[in-house]
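Structure, as structure tokens:
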Amino acid sequence: MGEKALPRHVAIIMDGNGRWAKKRLLPRAAGHRAGMNRMIGLSEHIFDRGIRYCTLFALSTENLSRPQSELEGLYALFREYFPRNTHTLREKGIVLRVIGDRTLLPADIVKLIAEGESLTAGGTRGVLQLAIGYGGRQDILAAVNAAVRRGREVTMEEFSAMLWTADVPDPDLLIRTGKEVRLSNFLLWQAAYSELYFTDVLFPDFTEKELDRALEAYSRRERRFGKL
Ligand code: IPE
Ligand code: IPE
Ligand code: MG
């Protein structure tokens, strides 16, 4: 056995913020803040470990049906953290990409996203994809409609390039924190052959050590892709 296999792309469904807060008798917003801080620490660690691509599921299309007060809290956190952290990403050479349906988001958030993306566009060290207002079925459907507009049948490669995740390789390792064992409409096409890792640890408690545990589990998996 040589060096341990490291995933090229890690995707994380960051779940459990609300339950983390509840356990501490705190408002849900405190859980989201703790989750935001964890997300920032964790993404640094991921790139420091030599992983080139990271996708983080922050807000699903379905989450947009949560009470307005919860959504406003999430958007406020975004406004507070996003500008500062895009500068850090730029310094570190990480390209930021936001995937999802932007028409579902407030206009000022869309503007911050566009600014963050153009600020970091020159990065060469890695790509951080943030899924906001994202749904896997919506991603596929948008690509299907783009293919229809093209007016001819497309290849698998062409179709992949029409998804919001164009140019980013499929995730090798898909982690979900917070106990649930489901995909909740995340990267349905792209995760066709991802190694799945589910943990009970709630996202604000998902430390670098927990991530290393997931990477260790990944290195022991045998990826066959249907072959013998
Ligand atoms: C995940 O945490 C973050 C978002 C979906 C915004 P939750 O808010 O789903 O936390 P739980 O599942 O209620 O604990
Ligand atoms: C999945 O978490 C979406 C994100 C983590 C952004 P949810 O908490 O929305 O998932 P369900 O509703 O339990 O499936
Ligand atoms: Mg949840």
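When a ligand or atom number is given, it counts from 1 through the structure's own listing order. Residue numbers count from 1 along this sequence.
Here the heavy atom of the protein found nearest to atom 13 (O) of ligand 1 is R28 NH1, 3.1 Å. The shortest contact between atom 6 (C) of ligand 1 and any protein heavy atom is with A58 O, 3.4 Å. Shortest contact from atom 7 (P) of ligand 1 to any protein heavy atom: D15 OD1, 3.5 Å. The protein atom (non-hydrogen) at minimum distance from atom 14 (O) of ligand 2 is S184 OG, 2.6 Å. Of the protein's non-hydrogen atoms, G18 N, 3.0 Å is the one closest to atom 10 (O) of ligand 1.
Which parts of ligand 2 touch L59 is read off a 4.0 Å heavy-atom cut-off, strictly below it: atoms 6 (C). Near R66, meaning under 4.0 Å from any of its heavy atoms, are these atoms of ligand 2: 7 (P), 8 (O), 9 (O). Per-residue contacts place R19 under 4.0 angstrom from the following atoms of ligand 1 (heavy atoms of the residue considered): 11 (P), 12 (O), 14 (O). Taking every heavy atom of M14 and a limit of under 4.0 angstrom, the matching atoms of ligand 2 come to 5 (C). Each of the following atoms of ligand 1 lies closer than 4.0 Å to a heavy atom of N63: 5 (C).
Under the side chain to side chain donor-acceptor pair (under 3.5 Å) test applied with E208, the options H45, R49, R38 reduce to a single match, R38.
Counting heavy atoms of neighbouring residues, nucleotides and ligands inside a 6.0 Å radius, atom CD of E153 does not exceed 12 of them.
Using a distance-only test at 3.5 Å, with no hydrogens or angles considered, a donor-acceptor pair links the side chain of R24 to the main chain of W20. A donor-acceptor pair is defined here as one N or O able to donate and one able to accept, closer than 3.5 Å; no such pair exists between the side chain of N185 and the backbone of G135. When atom types are taken as modelled, the side chain of R102 and the backbone of V110 share no donor-acceptor pair closer than 3.5 angstrom. Here the side chain of R97 pairs no donor or acceptor atom with the backbone of V127 at under 3.5 angstrom.
At least one N or O atom of R182, backbone or side chain, sits closer than 3.5 Å to an N or O atom of ligand 2. Between W20 and ligand 1, no pair of N/O atoms sits closer than 3.5 Å.
Judged by distance alone, the side chains of E70 and N63 never bring a donor and an acceptor atom under 3.5 Å apart. Residues R213 and T199 bring no donor and acceptor atom of their side chains to less than 3.5 Å of each other.
Not a single heavy atom of G178 sits under 4.0 Å from any atom of ligand 1. Ligand 1 has no atom lying under 4.0 Å from any heavy atom of E180.
Contact annotation for R176 and ligand 2: only side-chain heavy atoms (C-beta onward) come within less than 4.0 Å of the ligand.
In this structure, the salt bridge (charged side-chain N to carboxylate O under 4.0 Å, His left out) partners of K111, at least two apart in sequence or on a different chain, are E115. Shown here are the salt bridge (charged side-chain N to carboxylate O under 4.0 Å, His left out) partners of R149, two or more places apart in sequence or in another chain: there are none.
Distances from the Mg ion (ligand 3) under 2.8 Å pick out these protein N/O/S atoms: D15 OD1.
Ring geometry, F225 versus Y193: the interplanar angle falls from 30° to 60°, so the pair is classed tilted.
Connection of F203 to V181 is not established within any shared hydrophobic cluster, with ILVMFWY side chains joined at heavy-atom distances below 4.5 Å, either directly or through further cluster members.
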Quick one: side chains of residues 168-175, donor-acceptor pairs under 3.5 Å with protein atoms, not counting sequence neighbours, listed by atom name and distance.
from, atom 1, to, atom 2, distance (Å)
D172, OD1, R223, NH1, 3.0
D172, OD2, R8, N, 2.8
D172, OD2, H9, N, 2.9

